[in-house]
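Remarks on the structure that follows.
As the structure lists them, so they are numbered: ligands from 1, and atoms in each ligand from 1.
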Amino acid sequence: MVNITVVGTGYVGLVTGACLADFGNRVICVDNDPKKLKTLRDGGIPFYEPGLKELVEMNLGRDRLVFVGDAAEAVPKSDVVFIAVGTPPDENGHADLRYVREVAAAIADHMNGYTVVVTKSTVPTGTGKLIESIIRERRPEAEFDVVSNPEFLREGSAIGDFMRPDRVVIGASSERAVALMEKIYRPLYLLRTPIVRTTVANAEMIKYASNAFLALKISYINEIANLCDLVGADVTVVARAMGLDGRISDKFLHAGPGYGGSCFPKDTLALTHIADKVGYRFRTLEAVLEVNRLQQLRMVSKVSSLLGDLRGKTIAVLGVTFKPNTDDVRDSPSLTIIPELQRQGASIRAHDPIVSHLDGIDGVTWCSDAYEAAAGTDCVVLLTEWNEYRDLDFSKLKESMRSAAFVDCRNIYDPREVRKFGFAHTAVGRSFESAAPWAMEDVVIREESSDTISRPATLEKH
Ligand code: NAD
């Protein structure tokens, strides 16, 4: 058992705190937002994350988890302090380290005996050294080490990702710090989770390099999809077959409206600035940023490809979060797409299973389900692939619509099926008129097959 403080109870901090408590450690979570703190102390969770409420409740009940508002109440009692505050982009797109600096100063002021200071937040290479210098300046005599332990969890499946990660990265320069980190992550060692022990600088870079690569992969398949639209191919089949190649893998090969969320947009931008700062022009990443911006706007062009001029038209938007199973709308494609539809003269009716308000976007009529949203509209735009949009009743949708048009920004539906109901339909990279002889679900992996995609034996690496 290790005494731990986690500063910041956002998506990462609260999941980290609850999971580390569940591993058997004693955890104090600190947040300086009084509203969040009150919600937590009243037994609530300030955001939506499946399974988190139960995990928090269970560990509160075991007296292994506590919430406080001030680092002074937590840090002196802890051997390890995790920093899990936000690192949003500043006005120039650099990672804003203001909160990290604040927390480092608070840790320096309150630490008591040897303390390991761990960054869970995504921070540029060199931040470990910055934290060290802030602490050293305020407490020259203090005994401490700084560790980088970047987090790779995904919102919507955060607990599973934290409890069964693909790898744990521990960037440290001291054996003493590593020993404490190993103690904390002992349950994962038992699961034989790969542990990467490396330098602080490498650990900091691993996180940015990973996120930027995933953003690149998404942008790549989005461009393949755009090309498929033009040459009459189906990106879902293309991606599926690509993904059977172990060197490529099928993850993050789903064409769509562009990536969003609290990580990819800010981390890709921050990495271009990290490169810029040392005089390196990161050209592939610059292209990713541009491709993603255009991809979001392309969804609006898809609507007008079905409806023509959008003035006076009403559009139903299904899903506004950047992905299902989260309430996070930070940098969601919906924040670009809805205002652009409005700018072109369309009225918006929207539904999302969790969100019913978007800061800074007015004039949206929020509805209680997909069918209410579709009523009286000219087109339905499926923007987030929540489960409840995966089996829509197209006859029911059509009944109340002014004209039947459907833009499937997530390629959930077989175009032929939607068209059967009399809908004008378009999707991302499968908007060809003559449907392919097979749909995505027909691409079964058969042992002996000559006319469809067969087992990877034939696709083996050369
Ligand atoms: P968040 O905005 O949800 O939470 C940050 C929390 O820190 C807030 O509750 C805020 O009140 C609190 N805070 C800020 N300053 C504080 C201070 N001085 N003292 C105490 N509390 C303070 O952020 P998040 O999404 O959890 O992200 C945190 C970090 O983790 C970021 O660097 C992010 O890039 C990284 N990350 C996020 C994800 C994700 O999916 N959200 C995944 C991996 C890594």
Only heavy atoms of Thr87, strictly under 4.0 Å: list the atoms of ligand 1 that pass. 31 (C), 32 (O), 34 (O)

How far is atom 29 (C) of ligand 1 from its nearest protein heavy atom, and which residue and atom is that? Val85 O, 3.4 Å

Purely on distance, is any nitrogen or oxygen of Ser262 under 3.5 Å from one on ligand 1? yes

Protein contact of atom 35 (C) of ligand 1 - nearest heavy atom, named by residue and atom, plus distance: Thr122 OG1, 3.5 Å

So if I count the atoms of ligand 1 from 1 in the order they appear, which ones are less than 4.0 Å from some heavy atom of Glu102? 18 (N)

Using 30° and 60° as the class limits, which term best fits the ring planes of Tyr48 and Trp386: parallel, tilted or perpendicular? tilted

Atom CG of Asp391: over 12 foreign heavy atoms under 6.0 Å: no

Go through ligand 1 atom by atom and flag the ones less than 4.0 Å from a non-hydrogen atom of Lys36. 8 (C), 9 (O)

Does any N or O atom in Val103 lie less than 3.5 angstrom from one in ligand 1, N or O only? no

Under a 4.0 angstrom heavy-atom cut-off, which atoms of ligand 1 come close to Gly10? 1 (P), 3 (O), 4 (O), 6 (C), 9 (O), 26 (O)

4.5 Å side-chain heavy-atom contact, Glu385 and His254: no

Lys323 with Glu155: basic N within carboxylate O range, under 4.0 Å: no

Contact partition for Val7 relative to ligand 1, non-hydrogen atoms under 4.0 Å: side chain

Look at Arg430 together with Asp414 and state whether they make a salt bridge at an N to O cut-off of under 4.0 Å. no

Got a salt bridge between Arg139 and Glu141, using NZ or NE/NH1/NH2 to carboxylate O under 4.0 Å? yes

Would you indicate whether the side-chain heavy atoms of Arg298 and Gln295 approach each other to under 4.5 Å? yes

For Gly8, take its heavy atoms, then give the atoms of ligand 1 lying under 4.0 Å from any of them. 6 (C), 7 (O), 12 (C), 21 (N)

Once you measure the plane-to-plane angle for Tyr11 and Phe47, does it fall in the parallel (<30°), tilted (30-60°) or perpendicular (>60°) bin? tilted

What's the shortest distance from atom 36 (N) of ligand 1 to any protein heavy atom, and which residue and atom give it? Val12 CG2, 3.4 Å

Side chains of Cys228 and Ile224, heavy atoms from C-beta outward: is any pair under 4.5 Å? yes

Starting from atom 41 (N) of ligand 1, what is the nearest protein heavy atom, named by residue and atom, and what distance separates them? Glu155 OE2, 2.8 Å

Looking at Cys263, which atoms of ligand 1 are within less than 4.0 Å of one of its heavy atoms? 36 (N), 37 (C), 38 (C), 39 (C), 40 (O), 42 (C)

Could you check whether any side-chain heavy atom of Arg26 comes within less than 4.5 Å of a side-chain heavy atom of Asn59, counting everything from C-beta outward? no

Flag, side chain of His351 to backbone of Leu318, donor-acceptor distance under 3.5 Å: no

The atoms of ligand 1 lying under 4.0 Å from a heavy atom of Gly86, numbered in the order shown, are 5 (C)

Return yes or no for this condition: an N or O of Lys207 is under 3.5 Å from an N or O of ligand 1. no

Who's the nearest protein heavy-atom neighbour of atom 22 (C) of ligand 1, and how far? Asn32 OD1, 3.3 Å

Can you report which non-hydrogen protein atom sits closest to atom 11 (O) of ligand 1, along with the distance? Asp31 OD1, 2.6 Å

Residues Arg98 and Glu102 bridged, charged N to O under 4.0 Å: no

Using 30° and 60° as the class limits, which term best fits the ring planes of Phe23 and Tyr185: parallel, tilted or perpendicular? perpendicular

With heavy atoms and a 4.0 Å threshold, my read on which part of Tyr99 contacts ligand 1 is side chain

Distance under 4.0 Å to a non-hydrogen atom of Asp33: what atoms of ligand 1 satisfy this? 11 (O)

Counting only nitrogen or oxygen atoms and a 3.5 angstrom limit, does Glu151 reach ligand 1? no

Below a 4.0 angstrom heavy-atom separation, can you tell me which part of Arg330, side chain or backbone, both or neither, approaches ligand 1? side chain

Could you tell me whether some N/O pair between Lys266 and ligand 1 is separated by less than 3.5 angstrom? yes

